[in-house]
Amino acid sequence: MKINKLLVANRSEIATRVFRSASELGIRTVAIYTYEDRYALHRFKADEAYRVGSQGEPIRAYLDIESIIHVAKKHGVDAIHPGYGFLSEKPEFARACEAAGIVFVGPPVSVLESLGDKTTARQIAKRAGVPILGGTDSAIQSAESGLETAEKLGFPIILKAAHGGGGRGMRVVHAADEFASQFEQAQRESLSAFGSDEIFIEKFISRARHIEVQLLGDQHGNLLHLRERDCSVQRRHQKVVEIAPAPNLPEKVRDALCDAALAIGHEVGYQNAGTVEFLVDADTNQFYFIEVNPRIQVEHTVTEQVTGIDIVKSQLLVAQGEKLSSDEIGLASQQDVSVRGFALQCRVTTEDPENGFLPDYGRISHYRSAAGMGVRLDAGSAYSGAVVNPFYDSMLVKVTASGRRFVDSIKRMRRCLTEFRVRGVKTNVPFLIKVMDHETFIAGDCTTRFIDETPQLFKLPKRLDRATRMLTFLADVIVNENALVKDLPVAKRRDPATLPKIPFPEKTPIGTRDRLLEMGPEKFSGWIRDQRPLLFTDTTFRDAHQSLLATRLRSYDLLQISESYSLAAPELFSLEMWGGATFDTSMRFLKESPWDRLTRMREQIPNILFQMLLRASNAVGYTNYPDNVVQAFVQEAASAGIDVFRVFDALNWIPNMKVAMDAVIQSGAICEASICYTGDILDPSRTKYDLKYYVDLAKQLEKMGAHILAIKDMAGLCKPDAARLLVKTLKQEIGLPIHFHTHDTAGVQAAAILNAAEVDLDIADAAMAPMSGGTAQPNLNTIVEALRFSDRKSDLDVKKLDALADYWRAVREFYAPFESQVLPATADLYHHEMPGGQYTNLYQQARALGLIDQWSLICEVYAQVNQLFGNIVKVTPTSKAVGDMALFMVANDLSPDDVLSGNRELAYPASVLDLIGGNMGQPPGGFPPEVQKRILKDQKPLTTRPGETMPPADFEATAAELQVLLGRTPTRQEIVSSILYPKVFADFANHNKKYYDPSGIPTPVFFYGMEPGEEISVEIESGKTLIVKYLTTGEPHPDGRRTVFFEVNGVPRDVTVLDRSQEPSTPQAVKADIGDPKQVGSTMPGMVVTVAVKPGDVVRKGQKLLSLEAMKMETTVAAETEGKVSEVLIKTGSQVETGDLLIRFE
Amino acid sequence: MNKQTFDLLGIRNETFLREISYHDELESTNSTAMKLAVDDCDSPLLVLTPCQTSGRGRGTNTWWSTDGALTFSLILDLPMLGPERLSSFSLTVGLAICQTLEQVAPLADLAIKWPNDVYMNDRKVCGILIEKPIPTESRLVVGIGINVNNSLRQASDELRTAATSLIDELGSEVSANQILIQCLHQIESRMRDHVHHQQALLDQWRAYCLLTGRSICLDQHGHTISGLCRGIDGDGALLIDDGTSVQRCVSGSVTQF
């Protein structure tokens, strides 16, 4: 009878699989689906689909014989394929089909009945002469009779306690002579453990393979086998990987297995497709019958791949009454079945291998499938947006890979598995890859205990999932804005800054770094002295934006221009690009790694020296660190690419500089020791910081091994004539090259550089024109041009410099929110001596405190504080202490006399206590003792070097903490970062765990998010770019989250983030004040089940007030004192947390 | 059904018990234990009866008890633990019962139904009732009722589909005396874990959780939370995913699962 319309009484992949063969045979297909499966793919793969069961019956409906037959009859179905599972082995179902006149695609009812019963099936096997796994049916009476049975079964055997379990009372006996003693011990154990000495015997196979044979028979008595499959790779009797044919199976054994399967099939008159399962002893190749599965199996695919036979199609044809020898099936005899190559099947499931294979549920946010040659996919509902629900098995897709040799099919499978990208739910793919990589599997030696005995399979690599984390960040900025720019002026520019067009030279031009590497620091220092052109350091990458834009320049903008620098400006002495405040701000605000910035810039600019600012014992922080931290930091920075360390101490205190300088020299980098300039050497009345002071300092630094001497004029106080005098004198007194660093706060510092150049200054600091002037450095472009016709003419090409400058002009527009509105300084600058960086900061602080109209007063008080503290060098961190003190005095209306008189008890800022207490080091001449006494009160000031008394930092302890935080072994760079800034580093690490590294995102998008339709590309690693297009944002969900829709590399993706403006405003429960006896708080979280009092009740001590329930345990809350209840804040059913206020007394 | 017999001296010698309070017949072992517990009694103390006439479940539910069930209460003093750690003790006792019954019926599926029932092959086999006799102390009265030799074959259909007993599952009578001793051994060691090895215990609670992965309804005094059970958290709270967020529930009754 020809089948015209076929219903598949099943779901998901197997339903689809059957539809496909039916379609090829020209049969119309019908699907059934439940309410829960209404979006399942199998519904759409059939010609017709009908819903069965009602909502909430996800499984029952597929088992409801009556309804299924009803649907079939109603819609003119003439055959039903049961798939696997559900009703596939139920004789009642086959009988019901028969009764309804519908063809059941499977064996006859009688076969289902006889094979369905395990005892009958074993008897059938026995009759067919197939060995079964033997054992006793009742307890053994004695050791003698037991031995007899054991010998019949063949050793090894296992003794099992009749009432045992959990391994107790179980013993494996390998030989006859051990039997008696083992038996007695098993009896004794069983008796003491279970109170019974009843022992059973069973055949024991220590290393078993699971091998099964595929059968196919027609209704005319013809029965063939389609060879075997190896399903030994199992987890708790669940097959994980299936192989056809079985590797390493001797031909004789294989033939015997196939013959045994046929014998069983003939014994019952088997029809249609079925599988006979065997256990094969891997050591002896002896095999034993387990059971027959009278249906199609999950792993039939591998057999189809190696034999070329469509088993499902054959099932349908046989059910129509066709002979195996018919043209459509083409299997006239066993010789027509041949095997070519190997095939593997992996079941990709949503089970979490790291969590005991617990099925994961939820929405698949992204699904990318494997494909290509030699691959077959049988998928259920696997697509982006599909919901995996808990009612059904967790299989997403069956992947079948074939190859000529076993090893080829494994390699192909591994390739396929790595092509999968499934996001939103966990999958077993990483685990399957581990299986493919395991040598036992590759050798074809797996037994059924392989997974249980191979813990290495569960050591899974961490998933990167970079795209999702990146999208989460982008979505968060779109929905919530970046907190960094909240309430600040808005940058209008969104167009990228264009890069200068510089022709690519054949190789990177030779630069200063090449020379340093060639000569070493000492010889290189001599080379600098010999140069006639004035050399320049460009500070744009560090000090210029630290002074003008609150250190907010992102690595993205620095890296974009880096390569252009290496090509257009190799004549630069160095780029100052690291240290100072950049280390802290990049992690704290920009959420990017300072080390990464350094490494990546180094890759782009191999030829120009990189320079950093090192705050001696403060490294890149604001307090003194133990010596070993400073040393480790310098080592790491030097090996990551820093060539020149500008080392300074905020008080010019030599002892504080020594540790850092020694570390720099030891690292092989250039040690540029600084003298911080303050005062005025031209003013004969100011004697503390006179020319002699600086010359003495310089000589000491030269003796300590410095390679370059820096004049660090952080406040721009070194007037043009002072610069000439100082440089000229130093050039006479010491042999080191001189590097002049100044800030243009006063607006005349270009003249200082030009004057110094006339007296043989070696190197000057300057910044690119758009980032110069004001509190930053003087203008590099114009100074180079100004020198053009002098004998200090720079080798730099001013046209190329201007091209670079144009890039910075555009970039600066991105940072409009951080522009500081500071007017140029007046001549008062030389009086208060405030450093450039602080000038803007203090101005902002004064504005925040509402003191901006008293700005000139603040400057005056700043000068007074300096005098009060004994006229000290002011630069981070000492300048901060002076500034804090000035604001403190203005806000509290204090004069220096008020401080000195000690009439008022004042709590001074922490930075002031630190400075005056000697924790930052010692100023020349020390601090005035009366000030120390007033400020420190009874605290004794430190007079030695702070680093000397500090215990060394424990790197291993920090490494252990970071291991937990990061979930991997931390790098030494990370350990050092964490010691310098523990809290900042932890926040940064957590941010990147959630959001991935945002440094590749263009700046306007980083600050303001994407605009609908906007597309950006983000490089996540070399050669891997995500093209992200923002589509739209959905309405808020009831819980305040929003879904944000993107396209990533052209494929739709979405992520859901919390909209912080939508956060539910549930009133926070009032907490009880523990110290107040009139308040009764909850001692545990739970639910109020009874309330025994009401307001106005007078209660005695110990009286029950209410009871709470948590996990079915009730706790009574009783009055601790007597009193009158004034308020009851909860009612029956209220959920409370620990500490919530429950009852108040009057 | 014969009346259960207990070897009281043997029970005391083989277990961590300090005292046994045995009664031929008792209304409720927990009520008696609650009375004993407020006095200055020694602990661990066992209140045992072969015949409980009106055993108490929680609230108005009464624990179905006939001859052949093993019903007993323990007075235990846990070292001072936070209230969260005390309330999760019912999971720990449930775990101990699971592991005891697993030894007797190795093929059965045993699971804890949060927070205080033990299920065998998807039917309730044991109930646990923990009460706190003195609000300020970490002394607990742990009441346990296990269906051992009380066959439910004669019980109503409704009860038979919801509950089971060892004799029904194993097909033969089991020694209640032996089960009691094994229970006490397991409770002793799990109690130690509860105090000292919280993480190991948590893994086991999770492994035995009946509800994980199921769609459930939790009734909290008339307010119903329904969703997918995501397991148990470190404090023993039940996690329910209602589709938008995961709710952490410490109280209420699971009405559907």
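Convention: sequence-line order gives letters A, B, ...; per-chain numbering from 1.
- Looking at every heavy atom in both residues, B:P133 comes nearest to B:R139 through CD-O, 3.2 Å.
- For chain A, the nearby part of B:L140 is the side chain; its heavy atoms alone come within less than 4.5 Å.
- Listed by chain and number, the residues in a salt bridge (charged side-chain N to carboxylate O under 4.0 Å, His left out) with A:E1122 amount to none (sequence neighbours excluded).
- Interface residue B:R230: only side-chain heavy atoms are found under 4.5 Å from chain A.
- Among residue pairs with one or both ends in residues 233-257 of chain B, those qualifying as ring pair (Phe, Tyr, Trp, His ring centres under 6.0 Å) are B:Y119-B:F257; sequence neighbours excluded.
- Inspection of the B:R190 and B:Q99 side chains reveals an N or O donor paired with an N or O acceptor under 3.5 Å.
- Neither the backbone nor the side chain of A:S1107 comes within less than 4.5 Å of any heavy atom of chain B.
- The contact between B:S90 and chain A is made entirely by side chain atoms (from C-beta outward), counting heavy-atom distances below 4.5 Å.
- The backbone N or O of A:T349 sits less than 3.5 Å from a side-chain atom of A:N428, completing a donor-acceptor pair.
- Using a 4.5 Å cut-off between heavy atoms, B:I179 makes no contact with chain A at all.
- Proximity to chain A (any heavy atom under 4.5 Å) is shown, for B:I130, by both the backbone and the side chain.
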